[in-house]
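Order of appearance sets the numbers: ligands from 1, and atoms from 1 within every ligand.
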Amino acid sequence: MKILLLGAGGFVGSHLVEHLIARGQHDVVGVDVAEDKLEGIAGPRFSFHVADIRCNPELIDRLIRDADLVVDLVAYANPSMYVSAPLEVFDLNFIQNLEIARRCMAHRRRLIQYSSAEIYGKAGTGAVCHEDTTDSVLGAVGKHRWIYATGKLLLERVLHAHGAAGDLEYTIVRPFNFLGSRIDYLVPAGAMGGPRVFPHFISALLSGGPIRLVNGGHVHRTFLHIEDANQAFQTLLDHPAETRNQIFNIGNPDNNVTIRDLAALMVQLYEELTGEPPVSRVEHVEGERFYGPGYEDGDRLPPDISKLTRLGWRPRYDLVTTLRETMQAYLESGAKTAPAEPNMTAVHSAPA
Ligand code: UDP
């Protein structure tokens with residue numbers, strides 16, 4: 001089979017490329033605006049195009065036509081951007097992704113669409129998020145952090161409607177905070193906004209800067225080892241009939257933690273891995289000061305993963321191992337000083 005990965009150069013995409021190359025069963029074609037995360041990743045059945053899906057419609061159309069399966073990972077996954085550039089986020093995460101789905105329909109290609117756990121929004125009343133029964137609880141329009149989730153949710157609804165009409169064969173993935181090497185760039189000591197929580201905390205530990213807890217760090221997230229995420233993808237590949245026109249949570253409900261406890265755990269692991277206590281101190285910061293006006297956070301319930309575990313997948317890595325291995329990767333990369341933030345307009349892989 002020929003698999004087209006759009007967003008292959010991001011965190012999730014680069015790990016999927018590695019996984020698929022190692023399995024050696026399929027031809028893999030990748031597309032992204034940058035290839036730095038793919039450095040050293042190569043195989044005879046892997047080819048890569050440096051291209052922006054917004055500027056190369058003919059190329060993208062041809063690649064979709066020539067593929068058997070399209071995996072769409074293209075998204076801005078950066079909460080700062082949701083508040084600073086909401087229209088750009090909507091354009092990429094909804095309009096451009098819809099265009100990809102339309103091209104899949106035109107060529108009758110199967111689509112695996114990476115969406116987001118964020119579509120559940122603020123934690124509702126249940127104990128877990130179930131793909132087919134849990135409501136989405138999104139904040140007020142003025143809190144434009146939610147434009148990301150709204151765009152992703154609308155895309156899911158449109159795919160669902162096309163599936164119901166018989167126009168499209170799709171599978172939707174809702175990732176719950178994937179974690180692993182290459183997740184994001186490091187930031188200079190004390191930087192506000194930008195990447196996800198793990199890169200912020202590891203940057204702080206490496207540079208001796210403050211570990212900032214947004215709004216007290218009381219909200220929960222579940223973290224999934226990227227290797228477990230790869231295996232979940234493989235399960236989807238192996239079960240095309242059972243996953244047809246279905247939505248799947250991919251996460252580890254056993255790795256549920258508050259952001260405050262995540263910080264404490266990373267401090268402890270830093271000392272274990274380096275043999276030295278970190279210089280960094282924990283500080284508190286208001287969400288709108290850290291990310292900008294329009295930011296609002298939500299507690300998140302752990303995922304119900306029974307739909308995918310019924311197909312044989314099971315996450316294997318506990319939280320401590322997931323954090324230890326990811327921290328080790330950052331320590332080994334020798335990144336002692338955090339570089340300046342990269343161009344924020346870069347397209348990178350789906351939220352994790
Ligand atoms: N967060 C934090 N300090 C940081 C970066 C993030 O306390 O330096 C918080 C953020 O407000 C959110 C949680 O960590 O409550 C997870 O944020 P992330 O951007 O990683 O993922 P998401 O909110 O999309 O799950």
(message) Using a 4.0 Å cut-off to any heavy atom of Glu118, which atoms of ligand 1 qualify?
(response) 24 (O)

(message) As an exercise, identify every atom of ligand 1 less than 4.0 angstrom from a heavy atom of Arg196.
(response) 19 (O), 20 (O)

(message) Quiz question: by atom type and distance under 3.5 Å, do the side chains of Ser14 and Arg182 form a donor-acceptor pair?
(response) yes

(request) Report yes if the side chains of Ile226 and Leu179 come closer than 4.5 Å at any heavy-atom pair, otherwise no. (result) no

(message) Taking 4.0 angstrom as the limit and counting only heavy atoms of Arg300, give me the atoms of ligand 1 inside it, by number and element.
(response) 25 (O)

(message) Show me which atoms of ligand 1 lie under 4.0 Å from any heavy atom of Arg221.
(response) 12 (C), 15 (O), 16 (C), 22 (P), 23 (O), 25 (O)

(request) Answer with yes or no whether Phe198 contacts ligand 1, where contact means a heavy atom under 4.0 Å from a ligand atom. (result) no

(request) Would you mind running through ligand 1 and noting each atom that sits below 4.0 Å from a heavy atom of Pro79? (result) 19 (O)

(request) Would you indicate which of Val214, Val219, Asn177 comes nearest to atom 2 (C) of ligand 1 when only heavy atoms are counted? (result) Val214

(request) Please state whether Arg145 comes within less than 4.0 angstrom of ligand 1, counting heavy atoms only. (result) yes

(message) Could you tell me, atom by atom, which parts of ligand 1 come under 4.0 Å of a heavy atom of Tyr295?
(response) 10 (C), 11 (O), 12 (C)

(message) For a 4.5 angstrom cut-off between non-hydrogen side-chain atoms, does Pro195 reach His200?
(response) yes

(request) Using the test side-chain contact (heavy atoms from CB on, under 4.5 Å), find all partners of Val29 that sit at least two apart in sequence or belong to another chain. (result) Lys2, Leu4, Ser47, His49, Leu63

(request) For Leu213, counting its heavy atoms only, list the atoms of ligand 1 lying under 4.0 Å from any of them. (result) 7 (O)

(message) Which of the numbered atoms in ligand 1 are under 4.0 angstrom from any heavy atom belonging to Ile259?
(response) 7 (O), 13 (C), 14 (O)

(message) Can you list everything that forms a side-chain hydrogen bond (donor to acceptor under 3.5 Å, both in side chains) with His162? Sequence neighbours excluded, please.
(response) Asp167

(request) Would you indicate which of Tyr291, Phe201, Tyr148, Phe176 comes nearest to atom 5 (C) of ligand 1 when only heavy atoms are counted? (result) Tyr291

(message) By the definition side chain to side chain contact (heavy atoms under 4.5 Å, CB included), identify the one residue from Leu16, Thr235, Val12 that meets it with Asn230.
(response) Leu16

(message) Would Val197 count as being in polar contact with ligand 1, using the rule that some N or O on each side must be under 3.5 angstrom apart?
(response) yes

(request) Check the side chains of Asn249 and Tyr120 for a donor-acceptor pair under 3.5 angstrom, ignoring hydrogens and angles. (result) yes

(request) Validate the cation-pi geometry between Arg145 and Tyr291: distance from NZ or CZ to the six-membered ring centre under 6.0 Å, angle to the ring axis within 45°. (result) no

(message) Quick one, Val31 and Phe48 - any side-chain contact, counting heavy atoms below 4.5 Å?
(response) no

